[in-house]
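Heads up: the structure comes next, in structure tokens.
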Amino acid sequence: MRRKPIVKSLLYVLSASAVISAGHVYVSHADDLDNGANNTATAATVSTNVTAASSINNILGSQLTADNFISTISPIAQSIANSNNLYASTMVAQAALESGYGTSYLTQIANNLFGIKSFDGTGVKLKTSEYNSNGQAYSTYAYFKSYNSLMDSLQGYANFLTVNSRYANVFKSQAKDGFEAASNIQKDGYATDPSYATKLINLIKTYNLTALDGNTSSTNTNTNTNTSSTPSTNSSSNTTNTNNQPTTTKPTTTKPKKTLATATYTYGNPLETFQLSSKFANYNLYTHVKDTTAKNVTGNWPSYLKAGSNVYVDCLAVRTYKGASTTWYRIKTSKNAKSYWVSARAIDFPTIHVHEYNGKAKLSHANRGLYSNVFNSQTLAKSLGSSNSYKNQTFNVNQIATYTYHGKENTWYRINISNIGDVWVNKTGVTYTKAEKKVSKKKVTKKKAKKVAKNKTTTKESVYSKASGHAYLNNYGKFALYNHIPGTFKHIQKTAWSQVKVPKDYKVGVNLKGIRTEYNTTWYRIVLNHKNYWISAKSLLFY
């Protein structure tokens, strides 16, 4: 008879006593798939079948302490979070809070960092405190998942959020950063502690966990579709029939994992509104950008919406799937409505006319916003501060943008503020604008006029300005590549897309901007395959 499991069980009970004496009491907040009840498990109430958990291979075991927990868990959490469209900062903060920095009894014996329950009768059975509909606590027993490693526990947490649609707003496609994800997970019912989100946010700040998330304009790739990291042990692959003849169960065939899309997110202003297109109802609403996660819930358009109705838009995503890129927007049908993602084709965008301007503008007393782009532009307008900080100051104006939207004419000025750079401000926030005086033209004699007329070409004028950085090709197949802006030179050459190699990420360099004054159209000179080409601004997206 083997005695090792019994010895190990005794050791675990002793370790439980050590944990209790140290003051660490495990609190579980992760509940079942439908119930939002809070659960509290104490290390002193262990079931008699705890020896089943003693065979788990705990990689770190009792080596975890409050001092080394963050540095140990962070690289694993960062990798899993990036693969599942989650914020590593929130994941690490929750793991630290829920497991007492890895010292909780459940973590020590079952590698369970988040208190996630088991519903197939396997795992560790502990006595817990539940709350009924009247808020009264009562004691019961529950099984908690056992994981082979802490990595499996972190992946199990990601799976738990994925299969529960109520946690959709914790993902990167819904929350703008780890702080918002921490607030959302409390609102979704993960914990009943009213200060739960505050505790998570304090942990994120204390350990600078946002560094694990990288840039908020994030790219995510999710290829995991599993919903459990613990295999069931209730069934055997071989059984014996009444004739004592062994029978073997038929092997199950598993479907290959679906290749998921990636997405790059750019956040805008939550107050920006757009109008729905005439065909908006043809496009589905999703809790995440389509195909970027294995679990994506669709929503229904409210019946009162029609073409031209206003919706709030606060985030843009460029989705790449099987080599093709599409643009998506995160919308709300009202300020307090739930956020959904929808194809850009469901939204109407105004035609914005931009032209160069050389002048001055004085900001008014009005508290107006400063933005990265013109309001209602396809690239969204991110808030960069308030004009109130610069009232009565005069700045250089280098561009003016005009458009008509919602039946209203809009004028915006791009001004240069030394400590910020180029920003856009609405006309209502400007006291006055003043154009720079142009140098007077010299008188031209009849003789010179004839000479000018003789040498005059049929080309149209364009205004050029410096440009730098990069952009992304978007619906580029509808627009041609040229050696000059069409109509500005006699000899215009067109290059077909079949003659160039399009980058896999659709990213191209930009080195010059041109405005064709006759039609007030904007063009950019891009670098493609180490050569310069001119292309319409409508084919590019800037971030």
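Numbering starts at 1 and runs along the sequence shown.
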message = For a 4.5 angstrom cut-off between non-hydrogen side-chain atoms, does F160 reach F114?
response = no
query = Would L473 and V502 satisfy side chain to side chain contact (heavy atoms under 4.5 Å, CB included), going step by step from the backbone distance to the final call?
reply = CA-CA 9 Å; L473 295 173; V502 178; 3.9 Å; yes
message = Strictly distance-based, threshold 3.5 Å: is any side-chain N or O of S386 a donor or acceptor partner for the main-chain N or O of S389?
response = no
request  = Measure the spacing between CG of L209 and OG1 of T90 and express it to the nearest 0.5 Å.
outcome  = 8.5 Å
inquiry  = Side chains of Y143 and V124, heavy atoms from C-beta outward: is any pair under 4.5 Å?
reply    = no
key: Heavy atoms from other residues, nucleotides or ligands near CG of N208 exceed 12 (cutoff 6.0 Å)   = yes
key: 4.5 Å side-chain heavy-atom contact, V342 and V311   = no
Y141 six-ring face occupied by K125 cation (under 6.0 Å, within 45°) = yes
request  = Only one of F171, Y265, W328 passes ring pair (Phe, Tyr, Trp, His ring centres under 6.0 Å) with W341; say which it is.
outcome  = Y265
message = Between S89 and L200, is there a side-chain heavy-atom distance shorter than 4.5 Å?
response = no
inquiry  = Donor-acceptor check, side chain of S71 to backbone of N68, threshold 3.5 angstrom: yes or no?
reply    = yes
inquiry  = side chain to side chain contact (heavy atoms under 4.5 Å, CB included) for Y167 and T162? Distances and angles first, verdict last.
reply    = CA-CA 7 Å; Y167 294 113; T162 299; over 6 Å; no
task = Look only at the side chain of N296 and the backbone of H288, and say whether a donor-acceptor pair between them is shorter than 3.5 Å.
result = yes
query = Rounded to the nearest 0.5 Å, what separation is found between the CG atom of L212 and the OG atom of S79?
reply = 12.0 Å
ask   = How far apart are the closest heavy atoms of K332 and S339, and which atoms are they?
value = CE-OG, 3.2 Å
key: L113 to S153 - nearest heavy-atom pair and separation   = N-OG, 3.0 Å
query = For K290, does its backbone N or O pair with a side-chain atom of Y321 as donor and acceptor, under 3.5 Å?
reply = no
query = Hey, does the side chain of W301 reach the backbone of Y283 with a donor-acceptor pair shorter than 3.5 angstrom?
reply = yes
query = Once the angle between the rings of Y157 and Y190 is folded into 0 to 90°, is it parallel (under 30°), tilted (30 to 60°) or perpendicular (over 60°)?
reply = perpendicular
task = Decide yes or no for L203 and Q94: does some side-chain heavy atom of the first lie under 4.5 Å from some side-chain heavy atom of the second?
result = no
inquiry  = One pair to check against side chain to side chain contact (heavy atoms under 4.5 Å, CB included): N85 and S173. What are the steps and the verdict?
reply    = CA-CA 7 Å; N85 191 21; S173 53; 3.3 Å; yes
ask   = With no hydrogens and no angle check, is any side-chain donor or acceptor of N111 less than 3.5 Å from a backbone partner on Y147?
value = yes
key: Nearest atoms (heavy-atom pairs only) where S99 meets A95   = OG-O, 2.5 Å
task = Write down the atom of I420, the atom of L384, and the distance for their closest heavy-atom approach.
result = CD1-O, 4.1 Å
request  = Please state whether the rings of F349 and Y329 are parallel, tilted or perpendicular, taking 30° and 60° as the class boundaries.
outcome  = tilted
ask   = Backbone N or O of F179 within a donor-acceptor pair of the D177 side chain at under 3.5 Å?
value = yes
request  = Indicate the atoms forming the closest heavy-atom contact of I80 with A158, along with that distance.
outcome  = CG2-CB, 4.2 Å
request  = Look at D291 together with R319 and state whether they make a salt bridge at an N to O cut-off of under 4.0 Å.
outcome  = yes
key: Check against salt bridge (charged side-chain N to carboxylate O under 4.0 Å, His left out), D314 and R330   = CA-CA 6 Å; D314 66 352; R330 189 173 69 182; 3.0 Å; yes
ask   = What pair of heavy atoms forms the shortest contact from A88 to D213, and how long is it?
value = N-OD1, 2.9 Å
inquiry  = side chain to side chain contact (heavy atoms under 4.5 Å, CB included), that's the test. Do E98 and N112 meet it? Break it down for me.
reply    = CA-CA 10 Å; E98 295 284 350; N112 193 328; over 6 Å; no
task = Measure from the side-chain N and O atoms of N474 to the backbone N and O of L541, and report whether any donor-acceptor pair falls under 3.5 Å.
result = no
